[in-house]
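What you see is a predicted model; the values in this text were computed from it and never measured. Numbering of residues begins at 1 and proceeds along the displayed sequence.
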Amino acid sequence: MNTAVWILIVVVTIWGLAAQRVPGLVWTTALACAIALWDVFIRPPTSLWLAAWSFFFVMVLPLAVTPFRRALISAPLLREFKKIMPAMSDTEREALEAGTVWWEAELFGGDPDWDQLFNLPQPSLSEEEQAFLDGPVEQLCAILDDWQITHEHRDLPPKVWRFMKDKGFFGMIIPKQYGGLEFSAQAHSAVVMKVASRSITAGVTVMVPNSLGPAELLLHYGTDRQKQHYLSRLARGKEVPCFALTGPEAGSDASGMPDRGVVCRGTFKGKKNVLGIRLNWEKRYITLGPVATVLGLAFRLFDPDNLLGSEEDLGITLALIPTNTPGVKIGTRHNPLNIAFQNGPNWGENVFIPLDWVIGGRERVGQGWRMLMESLAAGRSISLPALSVGAGKVACRATGAYARIRRQFKLPIGKFEAVEEGLGRMAGYTYMMDAARTLTARAVDMGEKPSVASAIVKYQLTEHMRRVVNDAMDIQGGSGICLGPRNFMGRVYQALPISITVEGANLLTRALIIYGQGAVRCHPYVLQEMRAVADPDIKRAVRNFDEAIFGHARYTISNVARAFWLGLTSARLVRSPVDGPAQRYVQKLTRLSTAFALISDIAMLTLGGALKRKEKISGRFADVLSFLYLASAVIKRFEDDGRPVEDTPLMHYACQYCLHEAEKTLVVILKNFPNAFLAWLMGGLVFPGGRRNHVPDDRMNHDCASLLLESSVARDRLTRGIYLPKTTRDALGRLEDALPKVIAAELLERKLVKLAEDYPPLRGDHEAQLKAAVARNVLSAAEAKLVRTAQAARRGVIAVDDFEKI
Ligand SMILES: Cc1cc2nc3c(=O)[nH]c(=O)nc-3n(C[C@H](O)[C@H](O)[C@H](O)COP(=O)(O)OP(=O)(O)OC[C@H]3O[C@@H](n4cnc5c(N)ncnc54)[C@H](O)[C@@H]3O)c2cc1C
């Protein structure tokens, strides 16, 4: 064997071992074998042979002997880490450790196990859930009149409140034993989506009691007595709940709230010397607050007289307070951008409550932040993502139809490329959003509390709703701007900033949660390392640190090897559990996942704690992880639906868009990486042949836009689950009615245009053209009738409201 062949074998072996993340013992054995084979086949000079074995025995072998390695390397390294790692507050730790991670952790780790995703059963609804959607939800939507709600009543009418309460809309997450509907996350999401597609005000009103609030908290932490008392009353709408966390001084940084409770003895309902809490608070922006009968309240609890123990600051605590308790002030309203759900401030002045009003009772005192963080993920996975998709679907269906019906320059405006470009985006984004909505709800149904995935869907789906609705507004022109019963998009447009701000404002969610929490929770070793550094038991800490740090080293080496290999081969050799049109995207996503894992790891290693403050970088990492998640959801949906040919353009568009965004963002990260040399090195490893993923091309955009311009199974599938009114008294109903009529008349109308061109006096007089066309046998009487019907339907669609007085 000559030296070149030997070197080649060694390099390939090292590469293979690195990529496979083999344990240290395999590395050691492999190195010993390599030196032995070198000796046998190449016969190196004795000095080199001695140097190689010395290196092996002095430097490598001790690493394979655990006690040596721990004493010589891990323990000193741990001491250094303890010195430099910033101390973490309890609130920070609880927020970081709350919830679970799931598929997003696979994407974060660089080598996703695709079987895990594709083996998930498809999302489905039980018969009972489907019957609820077809029955009470359909009936509710039919009695909702959004203009009346937002402009005239500035509230839901009493009959709508009654209907929602009676039919159990406020108890979707409450178990049947308490009289609730006990719906799956999938059904819960489907209900919110459908109601929100009809009225954002009604959607938010249904959403809040089923999201993070009294019911969710009671289910997980309530005492039996609290559950018995409240859950059945909440399920039947006998109590209207709200949850008050935010105040003037505590918005995004809610844990810094100044609202205080002091443990003391007081008089309660005539009984003296009751152990309880005296509360003072000021909250604002509280949804359902003005009409709530029970207020979930977050406050910091102090025990200066040590009535509960020895600590003075007991921490954030949660209590349920009936709003008729003396000292509670509630009832005034904010006006959230003309959307009419109930929202307002509330105050408490020296309100005395017994200790057993604390959610979970005395043993849950001071655990409020953890309870909130643990319960946040389920609601965040469902509510706003469902609302966003509802808005996206309405925009696609209605604005798509409008673009076919509305004519300018003698053509439907949807046929102009500038309009088409927006329509194509709307269709592709909405397909992607819906896929992510159902996938994440599926995770909740499997028992996950997906803290990172829920932040991804909250952020990305509300952002993409904003883009879809903005496109829709551009296409609607003046008809989107003039508010009134005929306008189906204006209120949705006004509501956009609300979704962006609530349940974790988007700037913060992107910069701090998706990647900040993701880096700790999704990374295979970082959390273990952090726990070891914080562990006061040194022996245990060294053992765990040793395991984590060497695992981490193998992980990084493997990502280097894999990233370069996948870059060179463009991931064409990656195994994909699916074939067909989506197969290539699985391979490309695997490649980008590895690139992300490598660059993110190097960023963490080089920037350490400073990465927390580098929100531009962490925000971009959040985007890459998000787009990998969204693309994988798209493929899963396409496969679950049975790869429908008609949906193929949507799948391609959404995947190409996500891949392009993820790759482009990685390049931007490298461009702004604080260490230029490392950035250059990583760029070479990750993109050896340059960038490979491009924006969806114009043909694909055209194919997606075309799906929105006429009735088709793909359009129905894309917009499934929203409310479609059956009457032409309604704006969306008019569009549904007009679209087939207008399409049926298009060819005939062309004949009229030709006629008017030939006989100029007919120009501009539609009725005269029709009569002339019938007289000249250009159209039959029946055809003329069809054109008249289409024309009337078109006029109905393009009309806007005007008012005597505003
Ligand atoms: C209509 C509506 C309904 C609501 N319903 C409820 C409710 O029912 N219960 C309840 O308790 N609260 C509710 N809220 C409050 C909502 O959760 C807060 O508005 C939100 O947490 C942001 O707080 P803020 O508005 O005070 O903004 P601020 O905290 O002042 O933030 C302003 C901006 O700065 C950004 N920002 C702040 N810190 C950082 C950071 N470290 N990194 C990056 N960006 C940062 C934010 O993302 C935001 O964009 C509601 C709010 C609205 C508007």
Side-chain angles (χ1 to χ4, degrees), residues 92 95-96 98-99 101-105 107-108 246 251-255 373 376-377 379-385 387-389 392 429 432-433 436-437 439-440 450-470 496-523 526 592-593 596-597 599-600 603-604 607 609-633 657-673:
E92 267 182 302
L96 272 179
V101 288
W102 173 70
W103 171 243
E104 71 279 22
L107 294 166
F108 195 103
T246 308
S252 302
D253 182 16
S255 66
M373 291 301 111
L376 185 66
R380 196 169 57 189
S381 300
I382 297 168
S383 310
L384 287 163
L387 181 142
S388 306
V389 177
Y429 291 172
M432 172 192 83
M433 289 158 67
R437 173 186 74 87
L439 178 67
T440 316
S451 50
V452 179
S454 66
I456 292 176
V457 285
K458 191 276 156 173
Y459 170 67
Q460 290 291 347
L461 269 51
T462 53
E463 284 296 336
H464 281 86
M465 163 172 71
R466 172 149 70 178
R467 294 177 202 179
V468 170
V469 172
N470 276 339
L496 292 176
I498 300 175
S499 319
I500 300 290
T501 300
V502 300
E503 293 202 10
N506 277 9
L507 293 181
L508 175 136
T509 301
R510 172 178 181 253
L512 287 188
I513 302 179
I514 299 177
Y515 186 71
Q517 192 173 12
V520 176
R521 295 302 307 278
C522 296
H523 192 285
V526 164
L592 286 178
S593 158
F596 168 83
I599 299 173
S600 135
M604 280 193 261
L607 292 170
L611 189 52
K612 199 168 140 186
R613 289 183 300 281
K614 296 243 168 241
E615 290 191 348
K616 287 179 190 159
I617 292 194
S618 62
R620 290 180 190 125
F621 276 125
D623 290 347
V624 181
L625 182 62
S626 299
F627 282 112
L628 299 182
Y629 184 83
L630 294 173
S632 64
Y657 163 69
C658 292
L659 286 162
H660 167 74
E661 289 296 318
E663 190 179 73
K664 179 187 81 183
T665 312
L666 281 175
V667 172
V668 178
I669 292 173
L670 291 178
K671 207 161 179 249
N672 290 282
F673 207 74

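Lys664 NZ to Arg620 CZ: the interatomic distance, rounded to the nearest 0.5 Å, is 11.0 Å. Rounding to the nearest 0.5 Å places SG of Cys658 at 8.5 Å from CG of Leu628. Between the CD1 atom of Ile382 and the OG1 atom of Thr440 there is a distance of 9.5 Å, given to the nearest 0.5 Å. If you take CZ on Arg510 and NZ on Lys616, they are separated by 11.0 Å, rounding to the nearest 0.5 Å. Note: Leu607 CG to Arg613 CZ = 10.0 Å, rounded to the nearest 0.5 Å. One finds the NE2 atom of His464 at 3.5 Å from the CE atom of Met432 (value rounded to the nearest 0.5 Å).
Contact detail for Pro385 and Leu461: the closest heavy-atom pair is CB-CD2, 3.6 Å. Contact between Ala453 and Glu104 at its shortest, heavy atoms only, is N-OE2, 3.3 Å. Of all heavy-atom pairs spanning Ser626 and Gln460, the tightest one is CB-NE2, 3.3 Å. Listed here is the closest heavy atom pair of Ser451 and Val101: OG-CG1, 4.5 Å. When all heavy atoms of Pro450 and Ser381 are compared, the pair lying nearest together is CG-OG, 3.7 Å. Residues Ile617 and Asn672 approach most closely at CD1-O, 4.0 Å, considering heavy atoms.
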Original post:
Under the side-chain contact (heavy atoms from CB on, under 4.5 Å) criterion, do Val502 and Leu384 qualify, and how do the steps go?
Top reply: CA-CA 9 Å; Val502 300; Leu384 287 163; 3.6 Å; yes
**OP:** Carefully, step by step, assess Ser499 and Leu387 under the rule side-chain contact (heavy atoms from CB on, under 4.5 Å).
**Re:** CA-CA 9 Å; Ser499 319; Leu387 181 142; 3.7 Å; yes
**OP:** Apply side-chain contact (heavy atoms from CB on, under 4.5 Å) to Cys522 and Val452, showing your working.
**Re:** CA-CA 8 Å; Cys522 296; Val452 179; 4.1 Å; yes
**OP:** Evaluate side-chain contact (heavy atoms from CB on, under 4.5 Å) for Ser632 paired with Leu107, printing each intermediate quantity in order.
**Re:** CA-CA 9 Å; Ser632 64; Leu107 294 166; 3.9 Å; yes
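Side chains of Thr501 and Asn506: a donor-acceptor N/O pair is absent below 3.5 angstrom, by distance only.
Gln517 contributes a side-chain N or O that, together with a main-chain N or O of Leu96, makes up a donor-acceptor pair within less than 3.5 Å. Between the Lys458 side chain and the Ile500 main chain, a donor and an acceptor come within less than 3.5 Å of each other. Listed for the Thr509 side chain is no donor-acceptor partner under 3.5 Å among the backbone atoms of Tyr459.
Using a 4.5 Å cut-off on side-chain heavy atoms (C-beta onward), Leu592 and Val624 make no contact. Side-chain contact between Ser600 and Phe108: present, with at least one pair of heavy atoms (C-beta onward) separated by less than 4.5 Å. By the 4.5 Å heavy-atom criterion applied to side chains, Ile514 and Asp623 are not counted as neighbours. By the 4.5 Å heavy-atom criterion applied to side chains, Arg437 and Val457 are not counted as neighbours. In this structure the side chain of Leu625 never reaches within 4.5 angstrom of the side chain of Tyr515, judged on heavy atoms. Looking only at side-chain heavy atoms (C-beta outward), Glu503 and Ser383 come within less than 4.5 Å of each other.
When the salt bridge (charged side-chain N to carboxylate O under 4.0 Å, His left out) test is applied to Arg380, no partner is found at least two apart in sequence or on another chain. For Phe627, the ring pair (Phe, Tyr, Trp, His ring centres under 6.0 Å) test picks out Tyr657, with sequence neighbours left out. By the salt bridge (charged side-chain N to carboxylate O under 4.0 Å, His left out) test, Glu463 pairs with Arg466, sequence neighbours left out.
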